[in-house]
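Accompanying notes for the structure given below.
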Amino acid sequence: MYLETPPRLIETKVFSTMPDKFRRKGVRTDWADANRPGIATDSFIEGPSFDKDGNLYIVDIPFGRIFRIAPAGEWSLVIEYEGWPNGLKIAPDGRILVADYMHGIMELDAEVGRIKPILTARNSESFRGCNDLHLASSGDIYFTDQGQTGLHDPSGRVYRLASSGRLDCLIDTGISPNGLVLDPTETVLFVAMTRDNAVWRLPFMKDGSVSKVGRFCSLFGTSGPDGMTMDAKGRLFVGHASLGHVFVFAPNGELIARIKSCAGPNCTNVAIGGESNLYITESSTGSVLVADISGLNS
């Protein structure tokens, strides 16, 4: 995973933890029964994304909730609805888009606490379970349709919903496609394939299709890579859902740093805040962690 220099270790600290008043202790849900069998789940947070005022939005999948965390760390409930919000991204114009495992692609109006569907099916066929999404500068929405796919059923899908309304299936052989992100040139899409324990690299052809898809990096563990982000230098930050780390890869695929959780092992999603902080959802404890990543530039 590295050539000559071992990856540097970056520590984390807790930015904010879900208050007890929001935890649903002792409550069973269908989502937790299917995805975390036998594990007490009073919350499962993912999907961090910042608005223009520095508020951090996150989702709580099993209980259909979306929260806003103020810059000082205070939590407020934006909406609770009948759904399983999984991924969330805030567009430059302020639109809040949600990949909902139950419904598809949704749009949240945080001011009035209302959520509405944008895309719920393809050719009259429901999605298997949308997981995460990424917004291109053009307004196109890239999203993963993971469902319960894995090595036993490598049929997960990656889609592009163009701003014109056209929907393209870029790949339909994914092994549990999860987080995804475009490179700075927007000519390559990286997709975390959780049950393959790898990140796939999808180069775009001139017609917008993908070809020569390959594994950018491989990992290990009982789960796999989950949410991802990339900085302006093309460094890929990969949250791992069972190893308690975010792994940082150089553009050539070399592991250059590991960011260690100070809480639990489920580092699910990541977001860069400002220029030098990485925020991480640690889902088993309902905590948002923060790491100073300015040292990567030295």
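For Phe44 and Trp31, the ring centers sit closer than 6.0 Å to each other. The ring of Tyr159 has its center no closer than 6.0 angstrom to the ring center of Tyr142. The aromatic ring centres of Phe15 and Tyr279 sit less than 6.0 Å apart.
Between Phe249 and Phe247, the two ring planes are tilted [angle within 30° to 60°].
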Carefully, step by step, assess Val188 and Phe204 under the rule side-chain contact (heavy atoms from CB on, under 4.5 Å).
-> CA-CA 6 Å; Val188 177; Phe204 291 119; 5.8 Å; no
Between Phe22 and Phe67, does a ring pair (Phe, Tyr, Trp, His ring centres under 6.0 Å) hold up when you go through it step by step?
-> CA-CA 10 Å; Phe22 290 129; Phe67 291 95; 5.0 Å; yes
Can you list the steps and then say if Ser223 with Thr194 is a side-chain contact (heavy atoms from CB on, under 4.5 Å)?
-> CA-CA 7 Å; Ser223 185; Thr194 303; 3.7 Å; yes
Thr149 and Arg157: side-chain contact (heavy atoms from CB on, under 4.5 Å), yes or no, with the steps?
-> CA-CA 9 Å; Thr149 60; Arg157 298 164 182 168; over 6 Å; no
side-chain contact (heavy atoms from CB on, under 4.5 Å) between Ile45 and Val59, intermediate numbers included | CA-CA 5 Å; Ile45 61 171; Val59 304; over 6 Å; no
Starting from the C-alpha separation in whole Å, work towards a yes-or-no answer on side-chain hydrogen bond (donor to acceptor under 3.5 Å, both in side chains) for Arg215 and Asn197.
-> CA-CA 10 Å; Arg215 288 187 177 92; Asn197 234 317; over 6 Å; no
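Across every non-hydrogen atom of Leu77 and Ile66, the tightest pair is CD1-O, 3.6 Å. Nearest heavy-atom pair across Pro62 and Thr41 is CG-CG2, 4.3 Å. In plain terms, the two heavy atoms of Ser283 and Thr268 that are nearest each other are OG-OG1, 2.8 Å. Nearest approach of Pro71 to Gly54, heavy atoms of both residues: CG-O, 3.6 Å. Gly221 and His240 get closest at one heavy-atom pair: CA-CE1, 4.4 Å. Between Pro85 and Val98 the shortest heavy-atom distance is CB-CG1, 3.7 Å.
Using a 4.5 Å heavy-atom threshold, the side chains of Leu202 and Lys212 count as separate. Between Val14 and Val288, every side-chain heavy-atom pair lies at or beyond the 4.5 Å cut-off. Side chains of Leu236 and Phe190 form a contact here, defined as non-hydrogen atoms less than 4.5 Å apart. At least one side-chain heavy atom of Cys262 sits less than 4.5 Å from a side-chain heavy atom of Leu289. Taking 4.5 Å as the limit, every side-chain heavy atom of Met18 sits out of range of all side-chain heavy atoms of Asp42. Ile58 is not listed as a side-chain neighbour of Glu46, based on a closest heavy-atom distance of 4.5 Å or more. Looking at heavy atoms from C-beta onward, Met205 lies out of side-chain contact with Thr187 at the 4.5 angstrom threshold. Between Ser16 and Glu74 there is no side-chain heavy-atom pair separated by less than 4.5 Å.
For the atom pair CG (Asp51) and CG (Asp53), the distance works out to 5.0 Å, reported to the nearest 0.5 Å. A distance of 7.0 Å separates OG of Ser276 from CD1 of Ile293, quoted to the nearest 0.5 Å. In this structure, CG in Asn131 is found 4.0 Å from CG in Asn178, a value given to the nearest 0.5 Å. With rounding to the nearest 0.5 angstrom, the CE atom of Met228 is 9.5 Å from the CZ atom of Phe216. Separation of atoms OG (Ser242) and CZ (Phe220) is listed at 8.5 Å; rounding is to 0.5 Å. In this structure, CG in Asp100 is found 10.0 Å from CD in Glu82, a value given to the nearest 0.5 Å.
Linking ILVMFWY residues whenever their side-chain heavy atoms come closer than 4.5 Å, directly or via other members, leaves Phe143 and Ile96 in distinct clusters. Under the 4.5 Å side-chain heavy-atom criterion for grouping Ile, Leu, Val, Met, Phe, Trp and Tyr, Val199 is not connected to Val248 through any hydrophobic cluster. Val238 and Ile256 sit in two unconnected hydrophobic clusters of ILVMFWY residues. Membership requires side-chain heavy atoms under 4.5 Å apart, directly or through other members.
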Got a list of side-chain donor-acceptor pairs under 3.5 Å for residues 110-128, not counting sequence neighbours?
| residue | atom | partner | partner atom | Å |
| --- | --- | --- | --- | --- |
| Arg128 | NH1 | Ser155 | OG | 2.3 |
| Arg128 | NH2 | Asp153 | OD2 | 2.8 |

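Electrostatic pairing of Lys260 and Glu11 does not count as a salt bridge here, judged by no charged N lying under 4.0 Å from a carboxylate O. Salt-bridge annotation for Arg24 and Asp60: absent, with no side-chain N of the basic residue lying under 4.0 Å from a carboxylate O of the acidic one.
Judged purely by atom type and a 3.5 angstrom limit, Asp231 uses its side chain to pair as donor or acceptor with the backbone of Lys233.
A side chain to side chain donor-acceptor pair (under 3.5 Å) with Asn269 is found for exactly one of Asp226, Asn86, Thr229, namely Asp226.
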